[in-house]
Amino acid sequence: MDRKLSKYTDEELLRLLKGSRKESEQAFTEIYDRYALKVNAYCRTIIGNKDQAEDIFQETFIRFYQNVRVEHPKSTIIGYLIKIARNLCLNYKRDKKQTVSIDTIDYSIPADVSFEDKELNDLILFAIDLLDNETKEVITMRVFNDMSYNEIAETMDITPARARYLVFNGKQKIKQILDPYIKDIYKY
Amino acid sequence: MDYQILIHDFVDGTLDKSQEESLFLALSSSEELRNELRQTIALEKAFGKKLSSFAPSAKSTVAIFSGLSMAIPGSASSAGVAASSKTIVFISKYIQAIFSSLATAVILTAVFLGVSSSNTDERISLPVNSLVNKNIDLANNDFNIPRIYSAEVPETIIKTVYKPIPQDNAKNIFATDDKLEILSNPIETEIPESLTFADSKVYHTTILSRNDFEFESKNLTLNPTNAPMFSNLDVKNYGLSLEFHGNQSILQQKAEVPESSNPLFSNAGITLLYNFNKNFSAGLDIRQEFIYQRFEGTDDEGNLYLYKQYPNYVSISAAFRYGFDINNWLGIYSQVMAGGTVTGGVLRSGVGLKFSPYPNYNLLLGVDGMVFGYKHQNNFYTTSKLGLNFGIGFNF
């Protein structure tokens, strides 16, 4: 490998994943470095409970590796990862038939996040969690996973226009919810 | 036209170029719209900040890579390693180290002392450590002549005391282990003409280490030819020492990521020393240990990253030790080491106790502080730790 793996495109990484054990391992490590944060953001936002979200996050990457070794994903890597994570989240919710109340959500923040950021994190998660499930998912995919409207539409099985509308609508609702704090947020 | 949608699309990066002009015109004339733009931008920035708090835990990273039988990335970032009380961690580490040291000491002491005490005769017959008094005239078995058939001579523990005899003293002197006695009834002794009393001396020897000496008679004859009897006992071949030791961290920055690997030799090492004399030694130390690192760096796109890693390094250092004995079986030493690993330099210093249950074996227990310095992207970082050092040494 002449170039740094961080310069590889998703397509090149997917090809490497199917190579030798060493290449495959290197490619997977790069994919993990690139997308772990985003997948974890999705799981945490959709599931709420940190422990359950962690289990789904782990399962997502393990299934991703097992799947891409035998079949080439039709979407981008992040799209494919989110699809797996979404299925796992839906299964989890269906099996548990649970409704997560705000009180039970674990909003623990890493120790190296500043106090101001902790408050901001709490507010954002609080607002997102008040949205309906469909909007919550679309917002998460758009703002945390950087997915295009087409990718969101494909993952959610909706039209791109619907995805766009849900994102706009969701952000407007978040702004309303955060209205009392919006001036503080503006400072950041 | 709904300018809120246009503002959203503009910030979202999806606004059509043809609609930008009408949005900018509207913004230039409406304070309310400009306020809406500020709020939307602020919210986008808040989302960006929020994303950084979703770093997966080290536990998850380890679980994924272990589950796929892959090497765990060294720089696995982590937010929440399994929480445990600092105090409990400290105490448990400390107890583990002490327990290991004591267990080692007890087992080795039992092995060396236990075997030796049950087999004294054999030990005495060892050529290196035994001495035969060739001044004994076995044909003239006179009880006035001291008889030391043989004795184990531990290294560096012979003390010779010379005491003058008054020239006109016609009395005999009896020497016991640690004092001189003057007898009231003199014993006649044949004195060679060539000698005068002024030249005579009492050679009283105190053996400090073991009770292996067997004096057949308490009478000690004053014979100047016996004077150098023990003078050749302090001949010691200091030679080489080989030490195998373990290390246990007791104070260091709390690691926020798991150890990167599980090597065969973890926190263990070998030290080879040449003993220039009984106090000063120098040599080479090779050890393998975990060193936690936390440093910043910038990636190719200019993003600032905080790296945390807990790799296992092999370090090679030059070692210098100075020590002295408190008594026959216990000594104190201090040492400094300077060397490096593949990524940086290592400085160590420490003090410790050397327990010598047997002359050629030592048990070591000390405290060891180290500073590891390394560079990343032209910035210099250091990490330090304090540890317990325990092991066993062999002298050749």
Side-chain angles (χ1 to χ4, degrees), chain A residues 4 6-7 21 24-25 28-29 32-33 36-45 50 54-55 57-62 65-66 108-113 117-118 120-121 123-125 128 139 142-146 148-149 164-165 167-168 171-172 174-175 178-179 182-188, chain B residues 2 4-9 11-15 35-81 83 254 256 294 299-301 303 305-306 308:
Chain A
K4 277 184 178 179
S6 58
K7 305 273 185 196
R21 174 74 187 174
S24 175
E25 200 167 311
F28 181 78
T29 306
Y32 184 82
D33 285 347
L37 198 73
K38 293 177 176 180
V39 175
N40 197 40
Y42 178 85
C43 297
R44 286 288 307 280
T45 312
K50 188 183 173 186
E54 245 179 35
D55 289 346
F57 167 76
Q58 291 166 21
E59 186 64 25
T60 300
F61 271 95
I62 289 170
Y65 182 75
Q66 291 165 343
S108 60
I109 307 293
D112 52 358
V113 176
D117 286 345
K118 277 184 185 180
L120 177 66
N121 280 315
L123 289 173
I124 298 279
L125 265 189
I128 291 174
I139 284 279
R142 182 65 186 161
V143 301
F144 294 145
N145 302 152
D146 282 334
S148 69
Y149 289 114
R164 197 188 193 100
Y165 166 77
V167 169
F168 169 73
K171 284 184 183 175
Q172 292 303 109
I174 290 171
K175 272 198 274 187
L178 297 181
D179 189 50
I182 203 81
K183 282 178 187 170
D184 290 334
I185 289 175
Y186 179 67
K187 281 194 298 189
Y188 302 118
Chain B
D2 189 341
Q4 278 189 333
I5 293 176
L6 292 186
I7 287 172
H8 168 264
D9 288 351
V11 174
D12 195 45
T14 53
L15 182 66
N35 201 36
E36 174 75 19
L37 177 65
R38 284 192 200 99
Q39 288 185 356
T40 308
I41 291 171
L43 192 64
E44 288 298 325
K45 283 173 75 177
F47 283 136
K49 285 213 168 206
K50 174 64 204 146
L51 180 63
S52 63
S53 74
F54 284 122
S57 69
K59 189 178 133 194
S60 288
T61 305
V62 171
I64 291 166
F65 282 82
S66 306
L68 295 172
S69 304
M70 290 181 182
I72 296 156
S75 59
S77 59
S78 145
V81 179
K254 186 184 176 188
E256 295 164 294
R294 196 172 195 272
D299 70 1
D300 297 338
E301 291 163 2
N303 299 312
Y305 278 92
L306 177 65
K308 301 165 189 172

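Here the structure is a predicted model, which means the values were calculated and not measured. We use all heavy atoms of the structure for the numbers below, so side chains are in, but hydrogens, waters and symmetry mates are not. Proteins get letters first, then strands, A, B, ... in listed order; numbering begins at 1 in each.
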Enter the distance from [X]:[atom1] to [Y]:[atom2] here, rounded to the nearest 0.5 Å.
X       : Y       : atom1 : atom2 : answer
L43(B)  : I124(A) : CG    : CD1   : 5.5 Å
K175(A) : E36(B)  : NZ    : CD    : 3.5 Å
T61(B)  : D33(A)  : OG1   : CG    : 9.0 Å
E44(B)  : K171(A) : CD    : NZ    : 3.5 Å

Could you tell me which non-hydrogen atom of [X] sits nearest to which non-hydrogen atom of [Y], and how far apart they are?
X       : Y      : value
S60(B)  : Q58(A) : OG-NE2, 3.1 Å
F168(A) : Q4(B)  : CE1-O, 3.6 Å
E54(A)  : S57(B) : OE2-OG, 2.9 Å

Applying a strict 4.5 Å limit to non-hydrogen atoms, the region of Q172(A) in contact with chain B is side chain
(message) So F54(B) and T45(A), do their side chains get closer than 4.5 Å, heavy atoms only?
(response) yes
Interface check, chain A: of T40(B), I41(B), I5(B), D12(B), most non-hydrogen pairs under 4.5 Å belong to D12(B)
Hits for side chain to side chain contact (heavy atoms under 4.5 Å, CB included) against A36(A), two or more places apart or cross-chain, chain-then-number order -> Y32(A), F57(A), F61(A), P56(B)
Checking F65(B) against F28(A) for the ring pair (Phe, Tyr, Trp, His ring centres under 6.0 Å) test, could you report, in this order, the C-alpha distance in whole Å, the side-chain angles of both residues, the deciding distance, and whether it holds? CA-CA 9 Å; F65(B) 282 82; F28(A) 181 78; 5.4 Å; yes
Per-residue tally against chain B (heavy atom, under 4.5 Å) across S148(A), A41(A), S24(A), C43(A) peaks at A41(A)
